[in-house]
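Keep in mind that the numbers below use all heavy atoms, side chains included, and drop hydrogens, waters and symmetry copies. Chain letters run A, B, ... following the sequence lines, proteins first, then strands; residues in each count from 1.
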Amino acid sequence: MPELPEVETIVRGLGPAITGRLVTEVVVRESRLRERLAEDFAARLTGRRLVDLRRHGKFILIDLDDGRVWLVHLGMSGRFTLGDGSRSALPHDHVVVRLEDGRALTYNDTRRFGRLAVVPREAVGVETVAGVDALSDDLTAEALYAAARRHGRTTMKALLMDQREIAGLGNIYVNEVLFHAGVRPRRRASRLTRTESGRVIAAIRLVLAGAIARGGSSISDYRDGFERFGSYQFEHQVYDRAGEPCLRCGEPLRGCVVTGRSTFYCVHCQR
DNA sequence: CATAGCACCTGAGGGC
DNA sequence: TGCCCTCAGGTGCTAT
């Protein structure tokens, strides 16, 4: 569910509210996430101060005052929200982190595909297995072109979704980005031109900025750090619009499956 | 080695 | 109404 814009929205919202706060209690109600919560997860967080809140790709990174980092990945259905501490446990509230001011961070995840871990700062890169952040200035047209040469046999859709190369894009935003760039999802990476690479980079920045400005896309599960809905779903040009008219040329949009993920594009506007 | 396919888990929605 | 099937924003393991 959450891709870069959703995670960025959560981080921007929660950052000012929780940085500097002390963790007073950690309650683990369900440790069986995709990767079982470490035995000492609660112990490593309790008594720690939350020094900084940041994001890399789809990971929320919370720096602790002991040099370690609390990693939060929301998987498909994860929610990471801050409440006043009075919330009674809802279904799928797996972890509750109480802060010194009485408020509480809740990790809720219906499908349990997410991940929570506390790791040494040096291990963050390895643990997240994440490439250059999609919003980083280091993700240039040249860098994307080079990556496309390295992965020539795969499709542009699969390349953009590969977190080891570019961190942050998921199924919704790759569909949207490729539409804006005028490139078909199944295009072989080896056939991407330098000009198109530039268009893809511009599209990534345009789409992500627009989505962040709207607080992300709330299709079904996503809420921000304060349980609020995003509204970028109303701006989607192609995602989940198979058969509906292209908003640019009016031709019916195509729906298909690429690398096992539902894919939407305009035959006329994308080549 | 790089890539494609499926499994993981729960709930919502459509068809009958 | 209720049952059954399909599908969902992600990713890691496995087979090719």
So if I take every side-chain heavy atom of [X] and compare against [options], which nucleotide ends up nearest?
X        : options               : value
A:Arg112 : C:dG10, B:dT10, C:dG9 : B:dT10
A:Ser220 : C:dT11, B:dC9, C:dG9  : C:dG9
A:Thr154 : C:dG10, B:dA4, C:dA8  : B:dA4
A:Arg153 : C:dG10, B:dA4, B:dT3  : B:dT3
A:Arg188 : B:dA4, C:dA8, B:dG11  : B:dA4
A:His73  : B:dT10, C:dG10, C:dG9 : C:dG10
A:Lys58  : B:dC9, C:dT11, B:dA4  : C:dT11
A:Tyr239 : B:dT10, C:dA8, C:dT11 : C:dA8

**Asked** Which base sits across from C:dC4 as a Watson-Crick or G-U pair, both distances under 3.5 Å?
**Response**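 Pair assignment: C:dC4 / B:dG14.
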**Prompt:** Which one is paired to C:dG9, where only Watson-Crick or G-U wobble pairs with both distances under 3.5 angstrom count?
**Reply:** none
**Phosphate OP1/OP2 of B:dA2 contacted by A:His151 side-chain N/O (<4.0 Å)** = no
By the 4.0 Å heavy-atom rule, please label [X] as base, sugar-phosphate, or nothing.
X        : result
A:Tyr173 : nothing
A:Arg115 : nothing
A:Arg34  : base
A:Gly260 : nothing

**Asked** Can you tell me how far C1' of C:dT11 sits from CZ of A:Arg261, to the nearest Å?
**Response**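 One finds 9 Å between C1' of C:dT11 and CZ of A:Arg261, rounded.
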Are [X] and [Y] linked by a side-chain donor-acceptor pair shorter than 3.5 Å?
X       : Y        : answer
A:His56 : A:Thr128 : no
A:Asp84 : A:Ser86  : yes
A:Thr19 : A:Asp52  : no

**Message:** Is the base of C:dG9 stacked against the aromatic ring of A:Tyr222, taking ring centres under 5.5 Å apart and planes under 30° as the test?
**Reply:** no
**Request:** Compare the aromatic ring of A:Phe113 with the six-membered base ring of B:dC8 and state whether they stack according to the 5.5 Å and 30° rule.
**Result:**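 Yes.
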**Plane angle bin for A:His94 and A:Tyr107 - parallel if under 30°, tilted between 30 and 60°, otherwise perpendicular** = tilted
**Message:** Once rounded to the nearest 0.5 Å, what's the spacing between atom OH of A:Tyr232 and atom CG of A:Leu208?
**Reply:**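 That separation rounds to 8.5 Å.
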